[in-house]
Structure formats: C-alpha cells, structure tokens
Amino acid sequence: MATKLVLAILLCFAVSSLVSAQGPERRRFREEAQQCRLDRLQARPPSRRIESEGGISEIWDESEEEFQCAGVAAMRSIIRPNSLTVPMFQSSPMLIYVEQGEGFLGLNFPGCAETYEAQSSQSSRRSSRRLGRRVGAGKEEDQHQKVRRVRRGDMIVVPAGTVKWCHNDGGQDLVLVSFLDLNNEDNQLDLRIRASFLAGGLPREALRQFRGSRESRGSRSSEDLVNIFFGFDQELLAEAYNIPSDLARKIQEQRSSGLIVKCEEDMSFLTPEEEEEEPSASPSSNGLEETICTARVQHNMNTQKEADVYSRESGRINILNRLKLPILKYMDMSAEKGHLFPNAQYNLHWSMTDHRLVYVVEGEAEIQISDDYGNQVLNERVSKGNMFVIPQFYASLAQAGPEGFEWVTFKTSKQPMKSPVVGYTSLFRALPQQVLEQSFQITAGEAQQLKQTRSRHTFLFPPSSSSSSSRRRRFP
C-alpha cells in the first residue's frame with residue numbers, strides 16, 4: 001500500500017511538472033497566434049526573381065503576414081528548352097504543379113536503390129531500343145533511381161529532404177509552381193524557405209543584389225543560395241570522396257549559369273516509354289505503399305473523366321487527397337484543381353481543416369473572403385499568375401470572369417473538409433425552418449426559399465440571367 005502511495009505521489013509530481021513546463025510554451029504559441037493578423041489579405045504576383053542561364057526562379061515572399069500566419073510559401077520555376085535545374089533539397093514537404101510544358105523530373109529518395117540500369121552490350125542496347133528505353137549514345141553504362149516524365153496538369157509530391165532536379169526536353173518553356181508547407185511537422189526549423197543546392201549557386205554579383213532585396217524586407221541572408229559543399233574545407237572534402245583536390249574545388253564553385261543551367265548537349269535518360277507501360281492500378285483498400293522507394297508521387301489533375309465535381313453548365317473540380325495518392329497521408333497535404341466556365345460561381349463555403357493557397361492558372365475571377373467577424377478581408381479581381389491565401393474557417397466566394405477561371409489550390413491537410421453555405425449540401429438545408437425564421441426575423445416563405453435555393457447544385461453554380469449584366473460591368 002505504501003509503495004502504491006509513493007508511486008501515486010511521484011506520478012502527480014511528474015504530471016504537475018510537465019504541465020508547468022508546457023504552460024509557458026502553450027501561452028507563447030497562443031500569444032503568437034493572437035498577434036497573427038489576417039484582416040488584410042491580398043492577391044500577389046511573385047515578389048523576387050532570380051535570373052539564371054537556363055531560366056528564371058520566382059519566389060513569393062514568405063515573410064508576408066498571410067503567408068507567415070498560414071505557414072506556407074510558394075515559388076515558380078521557368079525552365080527553358082534543354083535546360084536543367086541543379087539538384088537540390090528543401091526542409092519542407094512540397095507539392096509541384098506543372099503549369100506548362102513537359103520534361104523529366106528526378107526524385108532521389110535517401111536509402112533507395114538505383115533500380116534503373118543501362119547495359120553496355122550490343123544486344124542489350126538493341127533490347128533497350130526495342131523496349132523504348134533511352135540510353136545516351138556512346139555513354140558508359142549508368143545506374144540511377146527512377147526518372148519520371150511530367151507534363152501539364154501533373155501534381156508531384158516531394159517529401160522533405162528529397163533531392164530533386166528537372167530537365168526540359170521540350171520545345172517550349174517548362175513552368176513549375178511549387179507549394180511548401182513550412183509549418184509541417186517534417187520541418188523543425190523556422191517558417192522560411194530553406195533550399196540546399198548540391199551544385200552551382202548564384203554568382204557573387206547576383207548574390208549581392210538578391211541579398212539586398214531580401215534584407216530590405218527583413219529576411220535572412222541569401223548565402224543559402226550557394227551550394228552546400230562551399231561550407232567545407234576543400235582538402236577534407238577531397239578526402240571524404242577520395243577524389244583529387246581540383247575536382248573537389250569544381251563541385252564547390254558558384255558558376256555564372258546560376259540555379260538553372262543550359263545543357264551543353266542533348267540529354268537522355270533511362271526510362272520506359274509510356275506506350276509500353278500498363279495502366280496504373282488503383283490503390284488497394286488499405287492504402288499502403290510497399291516502401292517509400294516505390295510510392296506513387298505523381299497524379300494528373302487535368303483529366304476530365306476523373307473530375308470529382310462536374311457540371312456541364314458550370315465547370316469541374318479535380319481533388320487530390322490521401323485516398324488518391326496514399327503518400328499524402330504521411331505529409332498532411334492535398335490539392336484541388338478547378339475550372340469555372342464564364343460567369344459561373346464557386347459556392348460560398350469555408351474550410352474546416354486547413355489553410356489554402358490558391359494559384360491562378362488561367363482567366364480571371366472576382367474573389368471575396370470574409371473573416372470570423374464578418375469583415376471583408378479580400379475583394380479583388382485576380383488574374384493569371386496571382387496567388388492568395390484563404391485562412392482556415394474564413395468564408396470565401398469566387399465568380400469567374402467572361403473568359404472563365406482556372407486555378408490550383410494547395411491545402412495544409414491530407415483529408416480536407418469544407419462546409420458549403422448554399423446548395424444541396426448546405427447548412428441552410430440542414431437547419432430547421434423555424435430556426436431560420438427566428439434567426440433572420442424572416443417569414444416562413446422566405447425561410448423556405450433559403451432552404452430550397454440552388455437545391456440542384458452542390459459546389460459549382462451556373463450564372464443566373466440576372467447576374468449577366470452586373471458581370472459585364474465588373475469585367476469590362
């Protein structure tokens with residue numbers, strides 16, 4: 001009995017110590033949340049631009065208040081034909097949307113084997129050509145991890161710390177839009193974009209110019225745009241790799257070509273042709289992947305037949321979550337691709353589970369967002385290239401312009417949920433009629449009208465005839 005009493009006292013002491021230790025930390029997080037102001041949202045173009053020999057890197061300033069509060073960041077890469085982004089990794093998980101063009105994307109998962117092999121014998125080369133594998137002529141045999149073909153509409157999942165690179169082998173610019181969840185559990189650093197480059201880097205002139213633009217915004221130094229080998233002693237680096245010192249010096253160099261390099265020759269990779277591939281099977285009911293090395297990380301969101309919401313009058317929505325791509329459940333992220341027809345509307349709703357970062361792919365739309373106090377925090381006409389944040393529980397409404405509206409939404413939840421205010425699944429239909437009558441001080445007929453309005457629609461509404469003239473006035 002005495003032993004049990006002692007154990008109980010010790011347990012109470014441990015619990016009280018834990019609570020007292022966590023108290024200040026919880027209060028600090030609560031105070032930071034209270035200081036987070038989301039009463040002035042804004043649709044923004046990229047704020048920083050890095051010119052390289054083979055393309056352009058554009059970054060939305062993650063220090064802007066709405067990006068900081070949501071814990072998100074974004075960037076856009078424009079890769080010119082026959083150009084390559086140097087290998088790099090980041091501290092946060094990310095989703096990459098292919099806005100334009102096509103090319104090859106490499107993701108190198110730590111600890112995974114090089115499962116793609118090029119054989120040097122003549123018979124093997126003939127077999128490779130027959131199977132559609134691409135092997136560089138005159139090259140020594142090579143082994144590497146899987147290289148993926150990407151095209152417009154693809155969404156690619158990149159776990160934190162995964163080395164990635166991309167090559168544009170097409171005839172037009174390859175445009176990639178990347179979303180980073182800085183507040184994700186996988187990132188234990190700060191809410192800043194931290195990119196670690198394994199080759200190249202910015203020349204000193206560009207570093208000074210870029211550092212000045214960042215420091216004017218109060219951000220940290222851009223020395224992180226030098227490759228990571230620059231921080232090691234050359235002799236120790238040569239010893240670690242067992243290579244000559246001049247080769248160690250070469251991998252440390254920051255070249256004038258920048259972060260996207262122009263390839264001196266055509267590049268080819270060992271990869272099966274798509275015509276030889278069998279259709280990918282749907283994920284099993286338990287949603288498990290065998291290993292991270294074989295996990296599916298790519299899904300095309302432009303396929304009309306796979307639309308989750310479809311209306312011949314209004315448009316369509318393709319949703320990507322952990323059920324369609326099981327790897328997302330480990331990253332707590334998801335996405336949505338939408339297309340509204342001219343003057344159609346996306347239902348008034350709020351998100352119950354996540355912050356959302358919206359990127360405009362094509363067209364225009366009028367966007368309105370209201371906070372929890374009923375204040376209008378955003379009322380703008382957004383256009384191609386704009387990006388804006390929709391905070392969790394903030395109600396939003398979108399109406400397309402006369403040319404339609406196409407967008408991608410990145411979400412900070414693996415299984416997002418939203419609550420519509422209007423339509424077949426709206427909260428008005430779920431409320432008793434008398435609750436509506438007394439809450440709004442309206443008649444029974446008016447309450448019934450609220451319950452039945454848009455009863456044939458869910459999330460996408462076609463334009464009403466009464467709204468056509470007002471749309472033309474707002475979108476000249």
Side-chain angles (χ1 to χ4, degrees), residues 59-60 62 66-77 88-99 105 107 109-110 148 150 153-164 166 176-195 283 287-289 291-302 306 308 317-338 349-361 387-394 396 407-418:
I59 303 172
W60 278 264
E62 73 273 23
E66 62 263 42
F67 284 79
Q68 281 281 306
C69 291
V72 297
M75 60 182 65
R76 181 169 61 201
S77 300
M88 53 87 72
F89 63 90
Q90 290 174 296
S91 61
S92 306
M94 64 192 304
L95 299 177
I96 302 176
Y97 177 74
V98 182
E99 180 180 359
L105 180 77
L107 297 180
F109 298 110
R148 295 165 174 83
V150 296
D154 279 350
M155 187 74 71
I156 300 102
V157 180
V158 183
T162 301
V163 175
K164 68 178 180 69
C166 190
L176 309 177
V177 181
S178 303
F179 161 72
L180 294 88
D181 186 4
L182 303 179
N183 203 31
N184 195 283
E185 289 184 357
D186 289 343
N187 177 29
Q188 299 187 28
L189 298 173
D190 49 25
L191 299 183
R192 292 172 180 162
I193 298 177
R194 289 182 175 268
L288 295 176
E289 295 284 356
T291 65
I292 188 64
C293 303
T294 59
R296 292 187 302 112
V297 297
Q298 181 178 354
H299 183 85
N300 193 276
M301 304 188 71
N302 271 1
E306 292 187 4
D308 298 278
I317 296 175
N318 289 50
I319 296 172
L320 180 63
N321 56 26
R322 66 183 179 89
L323 300 178
K324 289 186 179 179
L325 211 55
I327 192 175
L328 287 173
K329 70 182 177 182
Y330 302 110
M331 300 173 60
D332 204 21
M333 301 168 72
S334 56
E336 172 182 293
K337 171 71 186 301
H349 69 281
W350 64 81
S351 169
M352 302 169 62
T353 55
D354 52 273
H355 298 300
R356 306 188 174 200
L357 189 58
V358 183
Y359 175 76
V360 182
V361 178
M387 188 172 285
F388 58 94
V389 173
I390 305 179
Q392 182 185 16
F393 295 115
Y394 278 42
S396 64
W407 76 95
V408 175
T409 302
F410 304 98
K411 309 176 183 181
T412 60
S413 172
K414 61 188 174 185
Q415 190 65 31
M417 295 180 62
K418 52 193 170 191

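Keep in mind the model is a prediction, meaning the values are calculated, not measured. Heavy atoms only: backbone and side chains are in, while hydrogens, waters and symmetry mates are out.
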Interatomic spacing from [atom1] in [X] to [atom2] in [Y] - rounded to 0.5 Å:
X	Y	atom1	atom2	result
Arg356	Ser334	CZ	OG	7.5 Å
His349	Tyr394	NE2	OH	15.0 Å
Leu176	Lys164	CG	NZ	7.5 Å
Met94	Met75	CE	CE	5.5 Å
Leu325	Lys414	CG	NZ	14.0 Å
Cys166	Arg148	SG	CZ	12.5 Å

Please answer whether the main-chain N or O of [Y] pairs with a side-chain N or O of [X] as donor and acceptor at a distance below 3.5 Å.
X	Y	answer
Arg296	Lys324	yes
Thr353	Met417	yes
Asp308	Asn318	no
Thr412	His355	yes
Ser178	Ile96	no

Considering only heavy atoms from C-beta outward, does the side chain of [X] approach that of [Y] to under 4.5 Å?
X	Y	result
Val177	Phe179	no
Met301	Leu320	yes
Phe109	Pro159	yes
Phe67	Leu357	yes
Arg76	Met387	no

Report the residues that fulfil side chain to side chain contact (heavy atoms under 4.5 Å, CB included) with [X], sequence neighbours left out, ordered by chain and then residue number.
X	value
Ser91	Asn187, Leu189, Arg194
Asn300	Arg151, Asp154, Asn302, Thr303
Ala73	Glu62, Leu180, Leu182, Ile193
Asn183	Asp181, Leu191

Ignoring hydrogens, what is the shortest heavy-atom contact between Met88 and Ala195? Give both atom names and the distance. CE-CB, 3.5 Å

By side chain to side chain donor-acceptor pair (under 3.5 Å) - contacts of Gln392 (at least two apart): none

Under the side chain to side chain donor-acceptor pair (under 3.5 Å) rule, collect the residues that match up with Thr409, sequence neighbours excluded. Trp407

Before giving the answer on side chain to side chain contact (heavy atoms under 4.5 Å, CB included), spell out for Val157 and His299 the whole-Å C-alpha distance, their side-chain angles and the decisive distance to 0.1 Å. CA-CA 9 Å; Val157 180; His299 183 85; over 6 Å; no

If the plane angle is over 60° it's perpendicular, under 30° parallel, otherwise tilted; pick one for Tyr359 and Trp60. perpendicular

Positive for side chain to side chain contact (heavy atoms under 4.5 Å, CB included) with Met155, one of Leu95, Val297, Val98: Leu95

